[in-house]
Amino acid sequence: MHPVDVAACVLVSGIILVSLLSNVVVLICFLHNPEIRKQVPGLFTLNLTLCNLLLSVSNMPLTLAGLLARGHPAGWGPPGGRALCHLVGFLDTFLTTNSMLTMAALSIDRWVAVVFPLSYHSRIRHRDAVAALVYTWAHSLCFSAAAACLSWVGYHHVYASCTLCDVRAGSADTRFAVFTLSLHSLSFLLTLVVLCVTYLKVLQVARFHCKRIDVITMQTLVLLVDIHPSVRQKCLDEQRRRRQRATKKISTFIGTFVVCFTPYVITRIVELFLSGPVSPHWGILSKCLAYSKAASDPFVYSLLRHQYRKTCSQLANKILKRSPLHPSARGVENGAAGGSTTAPTTGDQQPPGKSSAQ
């Protein structure tokens with residue numbers, strides 16, 4: 001095997017492992033915490049998690065098998081047979097499109113929550129979320145079913161995977177090019193525009209609130225002339241962190257989408273107009289970047305949020321049969337049992353300074 005293929009095998013194996021573990025943890029948190037299930041964004045997160053899990057157990061292992069088959073002279077055929085490859089190619093188009101549109105729905109939900117906080121529950125209800133999911137499924141099924149019916153899915157040796165490709169090259173080049181451009185325009189490009197518009201509006205609102213808080217903080221610091229310099233510096237540092245927090249989160253949402261999907265989508269479009277084939281090494285690298293979105297989504301949209309971290313902590317304590325109280329809190333609790341009236345504190349409290357962009 002070529003060293004690049006060996007490195008790609010290791011990379012795909014790592015992506016499969018991280019994607020499976022992280023998405024399973026998100027699914028467990030969703031099933032365990034009733035508060036997460038009650039929230040409207042939980043439906044979008046559940047759909048995104050299921051898409052990532054299915055992609056991790058269907059498409060990624062066949063890509064790994066395709067990479068391993070590259071080391072054999074007769075190993076360039078579809079791994080698992082043509083029927084299985086046809087099914088996995090259908091899933092590749094369906095799951096990728098579905099996950100992209102789900103990210104767009106999540107961004108719209110956060111935009112409404114930040115821009116219209118008082119009327120959010122009347123604007124976004126569970127039936128609205130279900131309607132949005134029905135559209136994402138219908139949209140994804142239309143493109144994936146059309147590709148499957150026209151025999152535009154199969155094994156693509158450039159990407160070492162079963163995906164969208166014109167297996168009857170030369171007979172329907174124009175139609176295939178129009179279909180590919182339409183697919184990426186109404187999935188990748190549409191989602192990117194929605195992400196940029198909604199999250200930049202969220203960032204604008206978050207910065208406006210930060211400015212208001214900063215004005216109040218500075219007025220308070222001016223009035224408190226006897227405040228200790230260390231306390232004043234701590235307030236200024238928190239002020240700076242508050243301004244940066246929203247920017248970092250918005251950059252993560254948009255940045256991971258662009259970094260993971262853009263190389264693959266541009267390669268698929270450029271491939272339509274090239275007279276020769278794309279480099280297989282670049283093709284598999286762009287495919288691995290697209291797969292890596294399934295591994296990063298659980299952290300970007302779920303596991304780094306307070307509710308999920310709290311649920312993970314509770315599950316870990318239950319599995320390890322540990323008390324959820326902090327060790328220092330146990331001492332306070334023991335003192336209270338001996339006659340002290342001091343109440344114990346837990347480590348499950350909401351951390352202060354949550355940004356409105358979350």
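These numbers were taken from a predicted model, which means no experiment stands behind them. All heavy atoms count here, side chains included; hydrogens, waters and symmetry mates do not.
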Nearest atoms (heavy-atom pairs only) where Val158 meets Ser279: CG1-O, 4.0 Å
Provide the closest heavy-atom pair for Ile254 versus Cys196 in the form atom of the first, atom of the second, distance. CD1-CA, 4.0 Å
Quick check, are the ring centers of Tyr120 and Phe116 under 6.0 angstrom apart? no
Where is the tightest heavy-atom contact between Ser122 and Ser119, given as atom of each residue plus distance? OG-O, 2.8 Å
Separation of SG atoms, Cys85 and Cys162, below 2.5 Å: yes
Could you state whether Ile319 and Phe30 fall into the same hydrophobic cluster, counting links through intermediate Ile, Leu, Val, Met, Phe, Trp or Tyr residues with side-chain heavy atoms under 4.5 angstrom apart? no
Does Thr93 offer a backbone N or O that forms a donor-acceptor pair with the side chain of Thr96 under 3.5 Å? no
Check: Leu289 main-chain N/O paired with Ser292 side-chain donor or acceptor under 3.5 Å: yes
Flag side-chain contact, heavy atom, 4.5 Å: Ser286 against Tyr159: yes
If you take all heavy atoms of Ala148 and Val153, which pair is closest and at what distance? CA-CG2, 4.0 Å
State the SG-CD distance between Cys165 and Glu271, to the nearest 0.5 angstrom. 9.0 Å
Over 60° means perpendicular and under 30° means parallel, so classify the ring planes of Phe90 and Phe94, tilted if in between. parallel
Can you tell me how the ring of Trp152 sits relative to the ring of Phe179, calling it parallel under 30°, perpendicular over 60° and tilted otherwise? tilted
Residue pair His139 / Thr97, side-chain heavy-atom distance below 4.5 Å: yes
Contact check, side chains of Thr163 and Arg268, non-hydrogen atoms, under 4.5 Å: yes
According to a 4.5 Å side-chain heavy-atom criterion applied to Ile, Leu, Val, Met, Phe, Trp and Tyr, with indirect links allowed, do Val112 and Val40 form part of one hydrophobic cluster? yes
Any side-chain to backbone donor/acceptor pair from Asn23 onto Ala294? Under 3.5 Å, distance only. yes
Side chain of Thr262, backbone of Val258: donor and acceptor closer than 3.5 Å? yes
Got Thr49 and Phe44 here, is their nearest side-chain heavy-atom distance under 4.5 Å? no
Could you check whether the rings of Tyr264 and His184 sit parallel, tilted or perpendicular, using 30° and 60° as the cut-offs? perpendicular
Do the side chains of Ser296 and Lys293 get nearer than 4.5 Å, heavy atoms only? yes
With a 4.5 Å limit on heavy-atom distance, are the side chains of Cys9 and Leu64 in contact? yes
Under 4.5 Å between side-chain heavy atoms, hopping through other hydrophobics if needed: is there a path connecting Leu181 to Phe143? yes
Phe253/Tyr199 aromatic ring centres below 6.0 Å: yes
Atom CZ of Arg82 with >12 non-hydrogen neighbours under 6.0 angstrom: no
Ile15-Ile284 co-clustered via ILVMFWY side chain contacts under 4.5 Å: yes
Take Leu95 and Ser99, measure what side chain to side chain contact (heavy atoms under 4.5 Å, CB included) needs, and give me the verdict at the end. CA-CA 6 Å; Leu95 295 175; Ser99 61; 5.9 Å; no
Tell me the closest heavy-atom pair linking Cys29 and Tyr308, and the distance in Å. CB-CD2, 3.7 Å
Would you tell me whether Tyr155 and Ser161 have side-chain atoms, one donor and one acceptor, within less than 3.5 Å of each other? no
Counting N and O atoms only, with roles assigned by atom type, does the side chain of Thr136 sit under 3.5 Å from a partner on the main chain of Leu133, one being a donor and the other an acceptor? yes
Of all heavy-atom pairs between His86 and Ser151, which one has the smallest distance, and what is that distance? CE1-CA, 4.5 Å
Thinking salt bridges, do Arg123 and Asp109 make one under a 4.0 Å N-O criterion? no
Is the shortest side-chain heavy-atom distance between Val278 and Val270 below 4.5 Å? no
Does NE2 in His126 sit with more than 12 non-hydrogen atoms of other residues, nucleotides or ligands closer than 6.0 Å? yes
Ile28-Val18 co-clustered via ILVMFWY side chain contacts under 4.5 Å: yes
Beyond-backbone contact of Asn47 with Trp137, side-chain heavy atoms, under 4.5 angstrom: yes
At what distance, to the nearest 0.5 angstrom, does SG of Cys51 lie from CG of Asp297? 10.0 Å
